[in-house]
Amino acid sequence: MIVGAVTGRIDHPEVVVCGRYRGRDLEIVGRTVPLNPAQADEQAAVLKPAGDRHPWPDEISAGYWGRDAKKVPIVKVRPLVVAEVAADAAMQGDHYRHPLRFHRVRGDLTPNDVDRLPV
(Lines give C-alpha, C1' and ligand atoms only; values in the text may rest on other atoms or scores of the structure.)
Protein backbone atom coordinates (compact mmCIF):
# COMPACT_ATOMS: atom_id res chain seq x y z
CA MET A 1 0.00 0.00 0.00
CA ILE A 2 1.00 3.60 -0.48
CA VAL A 3 1.18 5.69 2.68
CA GLY A 4 -0.85 8.82 1.99
CA ALA A 5 -1.61 10.11 5.48
CA VAL A 6 -1.41 9.34 9.18
CA THR A 7 -3.30 10.22 12.29
CA GLY A 8 -1.38 11.80 15.12
CA ARG A 9 1.74 13.72 14.15
CA ILE A 10 4.10 13.10 11.27
CA ASP A 11 6.94 12.61 13.78
CA HIS A 12 4.80 10.22 15.86
CA PRO A 13 2.15 8.59 13.66
CA GLU A 14 -0.62 6.61 15.32
CA VAL A 15 -2.45 5.06 12.35
CA VAL A 16 -1.46 4.86 8.67
CA VAL A 17 -4.00 5.79 5.99
CA CYS A 18 -3.26 3.74 2.89
CA GLY A 19 -4.03 4.37 -0.75
CA ARG A 20 -3.71 3.04 -4.26
CA TYR A 21 -3.85 4.79 -7.59
CA ARG A 22 -6.81 4.61 -9.93
CA GLY A 23 -5.48 6.13 -13.10
CA ARG A 24 -3.74 9.30 -11.87
CA ASP A 25 -5.85 9.64 -8.71
CA LEU A 26 -4.65 8.40 -5.33
CA GLU A 27 -7.64 6.92 -3.48
CA ILE A 28 -7.95 5.94 0.16
CA VAL A 29 -8.40 2.18 0.42
CA GLY A 30 -7.80 1.44 4.10
CA ARG A 31 -6.24 2.27 7.40
CA THR A 32 -4.10 0.32 9.80
CA VAL A 33 -4.73 -0.63 13.38
CA PRO A 34 -2.79 1.61 15.78
CA LEU A 35 0.97 1.36 15.30
CA ASN A 36 3.19 0.08 18.10
CA PRO A 37 6.10 2.35 19.13
CA ALA A 38 8.64 0.60 16.87
CA GLN A 39 6.31 0.82 13.87
CA ALA A 40 5.61 4.49 14.59
CA ASP A 41 9.36 5.18 14.70
CA GLU A 42 9.88 3.31 11.41
CA GLN A 43 7.18 5.39 9.72
CA ALA A 44 8.31 8.70 11.23
CA ALA A 45 11.81 8.14 9.84
CA VAL A 46 10.59 8.10 6.22
CA LEU A 47 7.50 10.34 6.10
CA LYS A 48 7.63 13.80 4.56
CA PRO A 49 4.87 16.44 4.79
CA ALA A 50 2.61 16.68 1.76
CA GLY A 51 2.47 19.75 -0.38
CA ASP A 52 -0.65 21.70 -1.24
CA ARG A 53 -1.50 19.41 -4.15
CA HIS A 54 -2.22 16.30 -2.05
CA PRO A 55 -5.64 15.03 -3.18
CA TRP A 56 -7.04 13.91 0.17
CA PRO A 57 -9.19 15.93 2.58
CA ASP A 58 -7.94 17.16 5.96
CA GLU A 59 -10.48 14.93 7.72
CA ILE A 60 -12.07 11.58 6.98
CA SER A 61 -15.61 10.56 7.79
CA ALA A 62 -15.72 8.74 11.12
CA GLY A 63 -17.96 6.02 9.69
CA TYR A 64 -14.92 4.89 7.76
CA TRP A 65 -13.05 4.60 11.05
CA GLY A 66 -15.79 2.84 13.01
CA ARG A 67 -15.97 5.66 15.57
CA ASP A 68 -18.79 7.82 16.90
CA ALA A 69 -17.15 11.17 16.11
CA LYS A 70 -18.17 12.82 12.85
CA LYS A 71 -14.69 13.42 11.43
CA VAL A 72 -11.16 12.18 12.10
CA PRO A 73 -8.32 14.59 11.24
CA ILE A 74 -5.44 13.23 9.18
CA VAL A 75 -1.96 14.52 8.44
CA LYS A 76 -1.26 14.18 4.72
CA VAL A 77 2.20 12.97 3.69
CA ARG A 78 4.01 12.78 0.37
CA PRO A 79 2.76 9.52 -1.19
CA LEU A 80 6.21 8.07 -1.78
CA VAL A 81 6.41 5.42 0.96
CA VAL A 82 5.21 1.88 0.36
CA ALA A 83 4.11 -0.17 3.34
CA GLU A 84 3.67 -3.91 3.57
CA VAL A 85 0.39 -4.70 5.29
CA ALA A 86 -1.79 -7.70 6.06
CA ALA A 87 -5.44 -7.37 5.09
CA ASP A 88 -8.63 -9.28 5.73
CA ALA A 89 -10.21 -10.40 2.45
CA ALA A 90 -13.47 -8.54 3.17
CA MET A 91 -13.87 -5.64 0.76
CA GLN A 92 -16.48 -2.98 0.22
CA GLY A 93 -15.95 -1.94 -3.36
CA ASP A 94 -12.22 -1.25 -3.62
CA HIS A 95 -11.86 -0.45 0.09
CA TYR A 96 -10.88 -2.78 2.91
CA ARG A 97 -13.74 -3.23 5.39
CA HIS A 98 -11.43 -4.02 8.29
CA PRO A 99 -8.28 -2.29 9.51
CA LEU A 100 -4.98 -3.37 7.95
CA ARG A 101 -2.01 -4.58 9.98
CA PHE A 102 1.21 -2.71 9.26
CA HIS A 103 4.24 -5.00 8.88
CA ARG A 104 7.06 -2.84 7.58
CA VAL A 105 8.17 -0.08 5.26
CA ARG A 106 9.17 -1.45 1.86
CA GLY A 107 12.11 0.76 0.92
CA ASP A 108 12.79 -1.53 -2.04
CA LEU A 109 9.46 -0.57 -3.67
CA THR A 110 8.04 2.63 -5.13
CA PRO A 111 4.39 3.64 -5.52
CA ASN A 112 4.63 2.51 -9.17
CA ASP A 113 5.19 -1.05 -7.89
CA VAL A 114 1.82 -1.10 -6.08
CA ASP A 115 -1.07 -2.62 -8.05
CA ARG A 116 -3.48 0.01 -9.32
CA LEU A 117 -7.22 0.01 -8.82
CA PRO A 118 -9.30 -0.77 -11.91
CA VAL A 119 -10.38 2.26 -13.92
Side-chain angles (χ1 to χ4, degrees):
M1 295 293 158
I2 299 166
V3 178
V6 297
T7 63
R9 300 186 328 254
I10 197 167
D11 62 339
H12 188 73
E14 297 169 1
V15 168
V16 174
V17 183
C18 299
R20 288 173 54 196
Y21 281 99
R22 181 185 314 272
R24 297 179 71 146
D25 298 326
L26 183 64
E27 293 187 15
I28 297 171
V29 296
R31 65 162 174 101
T32 66
V33 298
L35 302 173
N36 67 41
Q39 293 169 330
D41 290 345
E42 183 180 10
Q43 283 291 315
V46 295
L47 298 177
K48 305 286 183 226
D52 294 335
R53 295 181 54 167
H54 195 289
W56 292 357
D58 294 331
E59 298 177 318
I60 297 177
S61 169
Y64 182 76
W65 297 88
R67 295 184 183 171
D68 293 332
K70 292 184 181 179
K71 297 279 186 173
V72 174
I74 60 173
V75 178
K76 295 175 275 189
V77 299
R78 292 182 64 196
L80 300 174
V81 175
V82 175
E84 181 178 322
V85 299
D88 184 288
M91 302 287 287
Q92 186 170 0
D94 292 321
H95 300 85
Y96 292 94
R97 289 186 66 192
H98 303 289
L100 308 167
R101 295 202 176 272
F102 173 82
H103 283 285
R104 64 185 172 130
V105 170
R106 290 295 306 265
D108 58 323
L109 299 176
T110 71
N112 287 332
D113 296 317
V114 176
D115 290 338
R116 291 178 175 264
L117 295 169
V119 178

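Note that these values count all heavy atoms, side chains included, but never hydrogens, waters or copies made by symmetry.
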Problem set entry | Pairs meeting criterion ring-ring contact (aromatic ring centres under 6.0 Å, His included) with involvement of residues 25-48, two or more places apart | none
For this session: For Arg9, check side chain to side chain donor-acceptor pair (under 3.5 Å) against everything at least two apart and list the hits.
Result: Asp11
Exercise. Which atoms form the tightest heavy-atom contact between Pro111 and Ile2, and what is the distance?
Worked result: CB-CD1, 3.7 Å
For this session: Can you measure from CE (Met1) to CG (Leu100) and round to the nearest 0.5 angstrom?
Result: 6.0 Å
Problem set entry | Validation row: Pro49, Val77 side chains within 4.5 angstrom (heavy atoms) | no
Seminar exercise, completed: Hits for ring-ring contact (aromatic ring centres under 6.0 Å, His included) against His54, two or more places apart or cross-chain, chain-then-number order -> Trp56
For this session: Under the side chain to side chain contact (heavy atoms under 4.5 Å, CB included) rule, collect the residues that match up with Val81, sequence neighbours excluded.
Result: Val3, Val46, Leu47, Val105
Problem set entry | Sequence neighbours excluded - ring-ring contact (aromatic ring centres under 6.0 Å, His included) pairs with any residue from residues 97-119 | none
Exercise. Which residues pass the salt bridge (charged side-chain N to carboxylate O under 4.0 Å, His left out) test with Arg22, sequence neighbours left out?
Worked result: Glu27, Asp94
For this session: State the CD1-CD1 distance between Ile74 and Ile60, to the nearest 0.5 angstrom.
Result: 4.0 Å
For this session: Quick one: pull up NE2 in His12 and CG in Leu35 and give me the separation to the nearest 0.5 Å.
Result: 8.5 Å
Seminar exercise, completed: Partner of Pro99 under side chain to side chain contact (heavy atoms under 4.5 Å, CB included), picked from Val33, Val85, Asp88, Val16, is Val33
For this session: Look at the side chain of Gln43 and the backbone N and O of Ala40, then say whether any donor-acceptor pair between them is shorter than 3.5 Å.
Result: no
Exercise. Yes or no on side chain to side chain contact (heavy atoms under 4.5 Å, CB included) for Val6 and Val17, after CA distance, side-chain angles and deciding distance?
Worked result: CA-CA 5 Å; Val6 297; Val17 183; 6.0 Å; no
For this session: Please report the closest heavy-atom contact between Val15 and Pro34, naming both atoms and the distance.
Result: CG2-CA, 3.9 Å
Problem set entry | Flag side-chain contact, heavy atom, 4.5 Å: Val82 against Val114 | yes
For this session: Check whether Met91 and Leu117 end up in the same hydrophobic cluster, where Ile, Leu, Val, Met, Phe, Trp and Tyr are linked by side-chain heavy atoms less than 4.5 Å apart.
Result: yes
Problem set entry | Shortest non-hydrogen contact from Leu26 toward Gly19 | CD1-C, 3.9 Å
Problem set entry | salt bridge (charged side-chain N to carboxylate O under 4.0 Å, His left out) pairs, two or more places apart, involving residues 107-119 | Arg106-Asp108
Exercise. Can you pull the salt bridge (charged side-chain N to carboxylate O under 4.0 Å, His left out) pairs that have at least one residue in residues 38-60, sequence neighbours excluded?
Worked result: Asp58-Lys76
